Each structure stands twice: as structure tokens, then as C-alpha cells.
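The structure displayed is predicted, hence computed values, not measured ones.
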Amino acid sequence: MEKEIDQKKIEQALEEFKTCSPIFIALGDTTRQKICLDLASRGLEGLNVADLAGRSILSRPAISHHLKVLKDAGIVEPIKKGTQIFYRLKLKDSLVPMKKLFDTVEEILEEEEIQS
């Protein structure tokens, strides 16, 4: 007789997917991926909107929009330096919910293997 997967684990995974959804959406766009890589290349120093626009064909308002999406997802953080705002990656914190999701999915898969 085949056992069923723990429904609580499935519900937990669904909740974790909801939590991670803004991160997946933010990182699913190639422009935002490029912005993340540009920010990564500058480390803790970060880049401002003008610097990012100079590395792109996008306008400053378009870059600002993408930065807002990344900021809202917890992927970048603004740092005020004098009168300017610089942005840098804040991946460590945003990866925690994703790690929890992956761990839960792995647990579900391990249950499936044990039952097979």
C-alpha cells in the first residue's frame, strides 16, 4: 500500500512559494538580472541610478522602476551617501526564504523516495 505525502509539508511548501514569489518575479526579468550583476561587480560600494543607466540603454526612470522591484523583493538595499542614493545587493537575507523552500521540497522528495 502506497503512503501519501504529508499534507502539512505540501501546505508549508505552498506558503513558502508565496513568500518567495516576489523574489522569483524580480529575478525572472533579464534587465533586473543584469542590474544585479552590475551591482555585484561593485560589491559593498554599490551604484547609483545614473551609474546603472550608463551601463544600460534604459532611462533613469526605467532603472529606478527595476530597482524598486528589486528593493521590494528584498534583493537590493539603498544606501544614502551625501545627497545620492546608491544601491547594493542584499542577497544573503533574501535567500533565506528560498533556502527554506528548497529544504521543504527536498524533504517532500525524500519522503517520496522512501515510499517508493
Side-chain angles (χ1 to χ4, degrees):
M1 185 170 144
E2 209 174 291
K3 289 186 179 179
E4 286 194 29
I5 300 295
D6 183 357
Q7 279 302 309
K8 286 186 181 183
K9 286 255 193 250
I10 298 293
E11 290 170 16
Q12 178 182 345
L14 287 171
E15 283 303 311
E16 290 168 355
F17 266 114
K18 285 181 193 174
T19 300
C20 293
S21 187
I23 298 166
F24 292 139
I25 291 168
L27 293 176
D29 181 271
T30 56
T31 299
R32 291 191 283 272
Q33 292 165 7
K34 169 100 171 55
I35 289 171
C36 286
L37 292 174
D38 287 341
L39 293 174
S41 73
R42 292 305 295 261
L44 295 176
E45 187 179 321
L47 292 166
N48 64 20
V49 173
D51 294 334
L52 287 164
R55 295 169 172 237
S56 169
I57 60 169
L58 297 176
S59 66
R60 288 182 186 188
I63 295 290
S64 293
H65 165 74
H66 287 292
L67 285 168
K68 181 182 181 335
V69 173
L70 291 166
K71 186 180 108 185
D72 290 349
I75 297 168
V76 301
E77 65 180 345
I79 305 296
K80 190 162 181 149
K81 294 181 185 177
T83 60
Q84 294 187 11
I85 297 175
F86 286 75
Y87 293 87
R88 66 181 178 197
L89 284 180
K90 187 180 117 174
L91 284 178
K92 188 174 182 180
D93 294 338
S94 63
L95 293 178
V96 171
M98 291 178 65
K99 175 150 178 27
K100 285 175 67 177
L101 170 63
F102 296 149
D103 289 345
T104 301
V105 171
E106 281 182 355
E107 289 172 17
I108 291 168
L109 291 172
E110 286 171 5
E111 281 185 35
E112 180 76 16
E113 286 177 8
I114 292 169
Q115 293 176 19
S116 296

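Under a 3.5 Å cut-off, the side chain of Arg88 and the backbone N or O of Leu44 do form a donor-acceptor pair. Using modelled atom types, one side-chain atom of Lys81 and one backbone atom of Glu45 make a donor-acceptor pair closer than 3.5 Å.
Applying the 6.0 Å contact sphere to NZ of Lys100 captures no more than 12 heavy atoms from other residues, nucleotides or ligands. The neighbour count for Phe24 CZ, taken as heavy atoms of other residues, nucleotides or ligands under 6.0 Å away, is above 12.
Shown here for Ala26 and Ala73, the closest heavy-atom pair between the two residues is CB-CB, 3.8 Å. Closest non-hydrogen pair, Ser94 versus Gly74, comes out as CB-O, 3.3 Å. In terms of heavy-atom proximity, Arg60 sits nearest to Ala53 at CG-CB, 3.9 Å. Between Ala13 and Leu101, the shortest heavy-atom contact is O-CD1, 3.7 Å.
Following chains of ILVMFWY side-chain contacts shorter than 4.5 Å, one can reach Phe17 starting from Leu109, so the two form part of one hydrophobic cluster. In the hydrophobic clustering of this structure, Ile23 groups with Val76; members are Ile, Leu, Val, Met, Phe, Trp, Tyr whose side-chain heavy atoms approach within less than 4.5 Å, directly or through other members. No single ILVMFWY cluster, assembled from side-chain heavy atoms under 4.5 Å apart, contains both Leu37 and Leu47. Following chains of ILVMFWY side-chain contacts shorter than 4.5 Å, one cannot reach Val69 starting from Leu27, and the two form parts of different hydrophobic clusters.
Going from atom NZ of Lys90 over to atom CG of Leu95 covers 11.5 Å, rounded to the nearest 0.5 Å. The distance from the CD atom of Glu111 to the NZ atom of Lys9 is 6.0 Å, given to the nearest 0.5 Å. To the nearest 0.5 Å, the span separating CD1 on Ile35 from CG on Leu89 amounts to 10.5 Å. Interatomic distance, SG of Cys36 versus CG of Leu67, reported as 9.0 Å (0.5 Å rounding).
Contact annotation: the side chain of Thr19 never approaches that of Glu15 to less than 4.5 Å [non-hydrogen atoms, C-beta and beyond]. Looking only at side-chain heavy atoms (C-beta outward), Ile85 and Ile79 stay at 4.5 Å or farther from each other. Between Leu52 and Leu39, some side-chain heavy-atom pair lies under the 4.5 Å cut-off. Put simply, the side chain of Ile63 does not reach to within 4.5 Å of the side chain of Tyr87, judged on heavy atoms. Counting heavy atoms from C-beta on, the side chains of Glu16 and Phe102 never come closer than 4.5 Å. Residues Leu58 and His66 have side chains in contact (heavy-atom distance under 4.5 Å, counting atoms from C-beta outward). Looking at heavy atoms from C-beta onward, Arg55 lies in side-chain contact with Ser41 at the 4.5 angstrom threshold.
In terms of the side-chain contact (heavy atoms from CB on, under 4.5 Å) criterion, residue partners of Ser64 (sequence neighbours excluded) are, by chain and number, Val49.
Using modelled atom types and a 3.5 Å distance limit, the side chains of Gln7 and Glu11 yield no donor-acceptor pair.
Salt bridge Arg42/Asp38: absent, no basic N to carboxylate O contact under 4.0 Å. Taking the charged nitrogens against the carboxylate oxygens, Lys68 and Asp72 do have a contact shorter than 4.0 Å, which makes a salt bridge.
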